Amino acid sequence: MRNKGVWEHASTIAAMLVLLLCWHGIPEVKSQRVPALFVFGDSLVEVGNNNFLRTIARANYYPYGIDFGRGYTGRFSNGRSLIDFIGDMLGVPSAPPFADPSTVGARILNGVNYASASSGILDDSGRLYGDRFSMNQQLQNFENTLNQYRTMMNATTLNQFLAKSIAIVVTGNNDYISNYLMPAFYGSSYNYTIQDFGNLLVNSLMRQILALKSLGLRKFFLAGIGPLGCIPNIRATGLAPTGRCVDSVNQMVGVFNEGVRVMVDQLNRDHPNSIFAYAFNVIDTACCGLGRNRGQLICLPLEIPCINRNQYVFWDAFHPTESAIYVFAWRAVHGPPDDSYPINIQQMALI
């Protein structure tokens, strides 16, 4: 199984440390060819949609945003999100959250962010936390945005706008964390083998991507699931020796990742007028949260986080710190095929 960059944790962390040390020294090659970014997925790329939903999966309170100039906005990080960094590297302003009533008119001209914490590819994933925009609902929300665009642009202009824009899709994490790995709340682990569940997710995601293509988008960047067995929340379960990743969980999501990579090859063969790329989303004691080594919960309101945040990979039990997020973004935009396959976002932007 080809998973270089995902399972080789030692080399990955070493590479991350090198990039972190060079954070302010790496020149950004900005492109003006991308008019907008449309963001779909979960809390790794959310910028505040859940602030407007009835859910406990929110990040609109301190200490979230402690290192972000605008404070706690709903980003599940101490600072900027993955999509903030990608947008900055491409020269595209970060897209506003769809659910914000002010996301209309001129505010949507650089795209819209539909991502929702606790959501997944499957409608049922994450339901125990409350309301969320599942991937299927996010597609419906995108159609709502298209109706707004149709009042602002003629058909030819809109088609060109969508064709040059990039869709960023980061999803699937909660289909495992808040579904398959929670047998007390969901029956999926009883009804599906690991292979069958991975296939279910890949096939469902393909239908969703093709639905977005039918609506006019032509450039897609799909993030794989990182080694969930290494996140603080899973390591805190005690399923592996202290400090060790839970290999069985990593192997589980490896089925999904390999399926997405095969899917990308198929989509590129079947749809030559579109571009599909796939990236490994790699992450390896959280800085904030409660439980064993702060690894079982997201940050609590007004909790005092660690001081040396730029030395941590994880911010809370599920999410990376701003420093780590920057590394992931840089690899997605500028990385070689082992990071972003078959091309990176910068190359996609120039097509």
Side-chain angles (χ1 to χ4, degrees), residues 1-9 12 40-44 118-128 132 134-136 138-139 169-213 220-231 233-235 237-240 244-271 276-284 318 337-342:
M1 185 176 291
R2 182 184 181 278
N3 277 324
K4 183 179 179 182
V6 174
W7 314 121
E8 298 175 3
H9 302 301
T12 295
F40 304 87
D42 54 34
S43 57
L44 291 177
S118 79
S119 73
I121 296 169
L122 305 180
D123 291 342
D124 204 31
S125 296
R127 60 175 162 76
L128 70 163
R132 69 253 172 251
S134 67
M135 274 296 294
N136 285 326
Q138 290 178 41
L139 267 61
V169 182
V170 182
T171 189
N173 296 281
N174 291 307
D175 295 292
Y176 287 98
I177 297 173
S178 301
N179 189 327
Y180 198 78
L181 292 172
M182 300 184 77
F185 295 93
Y186 298 91
S188 52
S189 59
Y190 301 114
N191 298 327
Y192 296 93
T193 66
I194 291 173
Q195 184 68 53
D196 288 344
F197 189 70
N199 293 342
L200 171 66
L201 295 182
V202 172
N203 292 334
S204 299
L205 180 60
M206 177 179 274
R207 287 193 295 270
Q208 292 161 349
I209 297 302
L210 290 176
L212 288 172
K213 179 184 177 296
F220 297 87
F221 183 79
L222 313 178
I225 300 176
L228 296 183
C230 297
I231 68 173
N233 175 263
I234 299 298
R235 287 159 64 183
T237 61
L239 294 176
R244 295 287 301 276
C245 299
V246 181
D247 291 337
S248 61
V249 174
N250 286 341
Q251 293 165 7
M252 189 181 298
V253 299
V255 172
F256 173 82
N257 284 339
E258 199 63 23
V260 173
R261 187 177 183 279
V262 172
M263 180 185 79
V264 163
D265 281 336
Q266 179 181 336
L267 288 171
N268 281 318
R269 286 195 305 268
D270 296 346
H271 304 278
F276 304 85
Y278 162 60
F280 293 108
N281 185 12
V282 186
I283 49 183
D284 187 85
F318 303 95
D338 279 339
D339 291 334
S340 180
Y341 173 85

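For reference, positions follow the sequence shown, starting with 1. Worth saying up front: this structure is predicted, and the values here are computed from it rather than measured. Excluded from the calculations below are hydrogen atoms, water molecules and symmetry mates; all remaining heavy atoms, backbone and side chain alike, are included.
Rounded to the nearest 0.5 angstrom, Phe221 CZ and Tyr278 OH are separated by 10.0 Å. To the nearest 0.5 angstrom, Asp175 atom CG is 9.5 Å from Tyr186 atom OH. Between the CG atom in Leu122 and the OG atom in Ser188 there is a gap of 8.0 Å [rounded to 0.5 Å]. Atom CE in Met206 sits 5.5 Å away from atom CE in Met263 (nearest 0.5 Å). Interatomic distance, CG of Leu200 versus CZ of Phe256, reported as 10.5 Å (0.5 Å rounding). In this structure, the separation between CD1 on Ile209 and CG on Leu222 is 5.0 Å, given to the nearest 0.5 Å.
In this structure, Leu139 and Met135 have side chains that are in contact, with non-hydrogen atoms separated by less than 4.5 Å. Side-chain contact check for Pro342 versus Val264: some heavy-atom pair is nearer than 4.5 Å. Leu228 places none of its side-chain heavy atoms less than 4.5 Å from the side chain of Met252. Residues Ile194 and Tyr180 form a side-chain contact, since some pair of their non-hydrogen atoms from C-beta on lies under 4.5 Å apart.
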Practice problem: Apply side chain to side chain contact (heavy atoms under 4.5 Å, CB included) to the pair Phe220 and Leu267, showing each step before the final yes or no. | Solution: CA-CA 10 Å; Phe220 297 87; Leu267 288 171; over 6 Å; no
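Among all heavy-atom pairs drawn from Val249 and Gly229, the shortest one is CG1-N, 3.6 Å. Minimum heavy-atom separation, Asn173 to Gly226: OD1-N, 4.4 Å. When every heavy atom of Ser204 is checked against every heavy atom of Ile121, the shortest pair comes out as CB-CG2, 3.6 Å.
For the residue pair Ser125 and Asn174, no side-chain donor N or O sits within less than 3.5 Å of a side-chain acceptor on the partner. Side-chain N/O atoms of Asp265 and Tyr341 include a donor and acceptor closer than 3.5 Å.
When atom types are taken as modelled, the side chain of Asn257 and the backbone of Gly224 share no donor-acceptor pair closer than 3.5 angstrom. When atom types are taken as modelled, the side chain of Arg132 and the backbone of Asp42 share no donor-acceptor pair closer than 3.5 angstrom. For the pair Asp196 (side chain) and Tyr192 (backbone), a donor-acceptor distance under 3.5 Å is absent. A donor-acceptor pair is defined here as one N or O able to donate and one able to accept, closer than 3.5 Å; such a pair exists between the side chain of Gln138 and the backbone of Gly41. No donor-acceptor pair under 3.5 Å is formed between the side chain of Arg127 and the backbone N or O of Asn179.
Taking the six-membered ring where the residue is Trp, Phe197 and Tyr176 present perpendicular rings, their angle passing 60° and hence far from 30°.
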